[in-house]
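Okay, structure first, notes after.
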Amino acid sequence: MFKRKFITVLLIISVAALILSGAVCLAACNAQISDGTLIVGTTTVVDTLNRLDAGGGKPGYAYTMLSSTLAQVPLVYRSRGEFLSVLCDIDCSDDGLSWTFKLKDGFIWHDGVAVCAEDLSYTLKNSLSENDINDICEKDGRVTVRLKQAKASFLNGLVSVTLQPKHILEGVTKDTITDGQSVIGCGPFCFVKRDTAAGTIEFRKFEDYPYAESIEIERVIFKQFGSEDSMRLALKAGELDMLWDYGGGLDANAYSELNGNSKLKFISYPTDAIPKVLFFNNGKLTDVKVKEAIKRAIDYGKIARIFGTPHSALPREGFVAPHVFGYKQTAELKRDLTEAKRLLREAGYSERNKFDFELLVRASGDDSQYADLIKTDLEETGMIAVRLIVKGGDWQSYYQSGAHTASLAGITAAGYSFEAGYGTRYMLTTQNSVMQEAGFIKNPVGHGQIAIDDGFGKLTEFGEIRQALADAQRADGTLEAAVERYQDYFVKYTPAIALMYDSKIQVMSDKLTGAGVDDTFGILNVQSFVSLKKKV
């Protein structure tokens, strides 16, 4: 059912002086500007096309996120805080308990089968937790999800969920699915090939996409680079149109390097993502005074200057950033070494009796650089001895062992919305947890354990706040009240520390116009292609 369009182009390429590995491929692509080729650089490694092997950051995760920008269509997207949908018209009942989805006309799977309501029902059933829903019913082409309790974060949970083809995926597993089945989507571009030797993945415009006539880009090629440096060199040389990194943007060094290049332009927008968070092992460190002392000892201004873009900002006492819904005025986090020392003395520590602080650090990324700064800051108190535990492939197993005092991680915009929203998922993961799953909740301030939902007790304070966040709605003010309580909790107990806030800055060639912003996927996203244009 494909409408095939054959374009014959004569390529004349000079390869006299190639300075980058893989430049032959890039030059060939660039010579085809007239056919609307978009070339995207990435350092993300796509190990497999298996979309069913994507959970928990498994190998298929990279392709799943990459294909969600152009081949697979998310049920919902959020642009500058507003929820929209390419696929569906969405209605919510006045009580917030029923969400009804009606597919828009004209969507077709890349194998020629029409998209139908059964696909939508199948996707929702596979994506939503049974703990949250009463039922999902399909009637007259509409699919209605009935929740057990109203959730303000309901749509947040669908921003990275792509529509699934029931006729392809039903009955297959990650061990039986073929690559040909896995790549089938209903987005504006369909998968063509993956060249592992060249490090490229190619997609072409899907002529049966409902808005295909408005799309000027004819094909998209992702080119994998072994390092950020080589990728940025290719961008500056005009061999790339933009960069892709799920959940990421330019860091301070990259922005500084690229800013001022007349062939490039930048798009900046606020995001819920938090570049780096210090997560306490709340099951191990229960002394609030020690956590408060650590919070006071860190130089956040220095962190923002070194790692932040020009749009970076100091974090707040209540963890939630000022641009996020429900934020209430809380103080900026600033270093106060005198207060940090006072709190440590009150907690029983001294220059002779130092607090042993084991910070778990990933060997990859910039965690080690953050960790070095934190170590210097904390040890300036004279009462904290910091041990950095740097781990590579065995990071996860060490993390699960719970030996560490704290760890570092970033929160993506999508991750920020998981669970009850506002980064609550990250507060519940093993060894960060202020709540534990095995029938108990552990309060991070050492108030002991209380059984959940068995008639013998009630949720701890954090558990009540998390439940309130999950149940709240914007319209009646309950969400704002719950977020206020959430911030108060962080001020009082410090279960984690945001080290800075930053806007996301993304870069693209000055030949591109019309790029739209998706808060999850950035400037490379499904809806952006309708308006995206490339000057010859």
Side-chain angles (χ1 to χ4, degrees), residues 29 33 36-44 62 64-74 76-86 159-160 162 187-189 201 203 205 209 211 214-225 228 231-232 234-236 238-252 254-255 257-259 261-273 275 309-311 323 410 412-414 416 502-535:
C29 294
I33 289 176
T37 298
L38 185 73
I39 307 173
V40 183
T42 184
T43 56
T44 300
T64 298
M65 293 300 100
L66 182 149
S67 65
S68 296
T69 65
L70 77 174
Q72 315 292 343
V73 182
V76 176
Y77 70 92
R78 190 175 67 167
S79 181
R80 302 189 187 276
E82 182 180 2
F83 289 102
L84 303 164
S85 178
V86 173
V159 295
S160 56
T162 56
F189 290 80
I201 301 177
F203 297 83
K205 178 180 170 181
Y209 188 67
Y211 314 109
S214 300
I215 297 174
E216 294 190 4
I217 303 298
E218 293 291 337
R219 68 173 184 162
V220 179
I221 297 174
F222 288 85
K223 170 63 180 175
Q224 181 186 323
F225 289 81
E228 294 282 347
M231 182 174 67
R232 291 198 294 269
L235 178 68
K236 289 189 289 185
E239 295 166 348
L240 300 174
D241 294 306
M242 63 172 66
L243 310 180
W244 180 77
D245 173 19
Y246 169 63
L250 296 177
D251 61 25
Y255 177 75
E257 176 188 338
L258 299 173
N259 188 30
N261 187 317
S262 61
K263 296 180 180 179
L264 302 174
K265 57 184 176 182
F266 303 87
I267 293 180
S268 173
Y269 52 96
T271 173
D272 292 348
T309 71
H311 303 278
H323 66 272
T412 66
Y416 193 87
D502 211 344
S503 291
K504 182 180 289 186
I505 298 179
Q506 295 193 308
V507 62
M508 61 183 178
S509 165
D510 68 339
K511 293 177 180 175
L512 293 178
T513 59
V517 169
D518 183 303
D519 293 352
T520 302
F521 293 100
I523 58 176
L524 186 67
N525 58 75
V526 167
Q527 67 272 12
S528 186
F529 281 104
V530 176
S531 57
L532 187 64
K533 295 176 174 56
K534 183 175 180 178
K535 295 183 293 184

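Any value given below was found using the heavy atoms of this structure, including those in side chains, with hydrogens, waters and symmetry copies removed.
To the nearest 0.5 Å, the span separating CG on L243 from OG1 on T42 amounts to 8.5 Å. Put simply, CG on L250 and NZ on K504 are 10.5 Å apart, with the number rounded to the nearest 0.5 Å. Annotation: the span from L532 atom CG to L70 atom CG amounts to 11.5 Å, rounded to 0.5 Å. Once rounded to the nearest 0.5 Å, the distance linking CG of D251 with CG of D502 reads 9.5 Å. Interatomic distance, CD of Q72 versus CE of M65, reported as 9.5 Å (0.5 Å rounding). Taken to the nearest 0.5 Å, the CG atom of L38 stands 12.5 Å off from the CD atom of E216.
The two atoms that bring V526 and P188 nearest to each other are CG1-CD, 3.8 Å, heavy atoms only. Taking all atoms of both residues into account, the shortest heavy-atom contact from F521 to P74 is CE1-CG, 3.9 Å. Here the closest non-hydrogen pair linking Q506 and G522 is OE1-CA, 3.2 Å. Here the shortest heavy-atom pairing between G41 and M231 reads C-SD, 3.4 Å. Across all their heavy atoms, D241 and L235 have their closest contact at C-CD1, 4.5 Å. What you find for I217 and K205 is that their closest heavy atoms are O-CD, 3.6 Å.
Partners of Y255 according to the side chain to side chain donor-acceptor pair (under 3.5 Å) rule, which considers only residues two or more places apart in sequence or in another chain, do not exist here. With sequence neighbours excluded, the residues forming a ring pair (Phe, Tyr, Trp, His ring centres under 6.0 Å) with Y211 are Y209, listed by chain and number. Shown here are the salt bridge (charged side-chain N to carboxylate O under 4.0 Å, His left out) partners of K236, two or more places apart in sequence or in another chain: E257. With sequence neighbours excluded, the residues that form a salt bridge (charged side-chain N to carboxylate O under 4.0 Å, His left out) with D519 are R78. For the ring pair (Phe, Tyr, Trp, His ring centres under 6.0 Å) test, residues two or more places apart in sequence or in another chain that qualify with F189 are F529. Checked against side chain to side chain donor-acceptor pair (under 3.5 Å), T64 has no partners two or more places apart in sequence or in another chain.
Distance alone, capped at 3.5 Å, is enough to place a donor-acceptor pair between the H323 side chain and the T271 backbone. The main-chain N or O of Y77 is never found under 3.5 Å from a side-chain atom of D518 such that the two would form a donor-acceptor pair. No side-chain donor-acceptor contact under 3.5 Å links T37 to the backbone of R219. S528 places no side-chain N or O within donor-acceptor distance of the main-chain N or O of A515, the cut-off being under 3.5 Å.
The shortest side-chain heavy-atom distance between W244 and V220 does not fall under the 4.5 Å cut-off. Side-chain contact between T43 and D245 is absent, with no heavy-atom pair separated by less than 4.5 Å.
If you run side chain to side chain contact (heavy atoms under 4.5 Å, CB included) between M242 and each of L512, V507, I267, only L512 comes through.
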Exercise. Going through the distances and angles, do F222 and T69 end up as a side chain to side chain contact (heavy atoms under 4.5 Å, CB included)?
Worked result: CA-CA 11 Å; F222 288 85; T69 65; 3.9 Å; yes
For this session: May I have the step-by-step check of side chain to side chain contact (heavy atoms under 4.5 Å, CB included) for V40 and F203, ending in yes or no?
Result: CA-CA 11 Å; V40 183; F203 297 83; over 6 Å; no
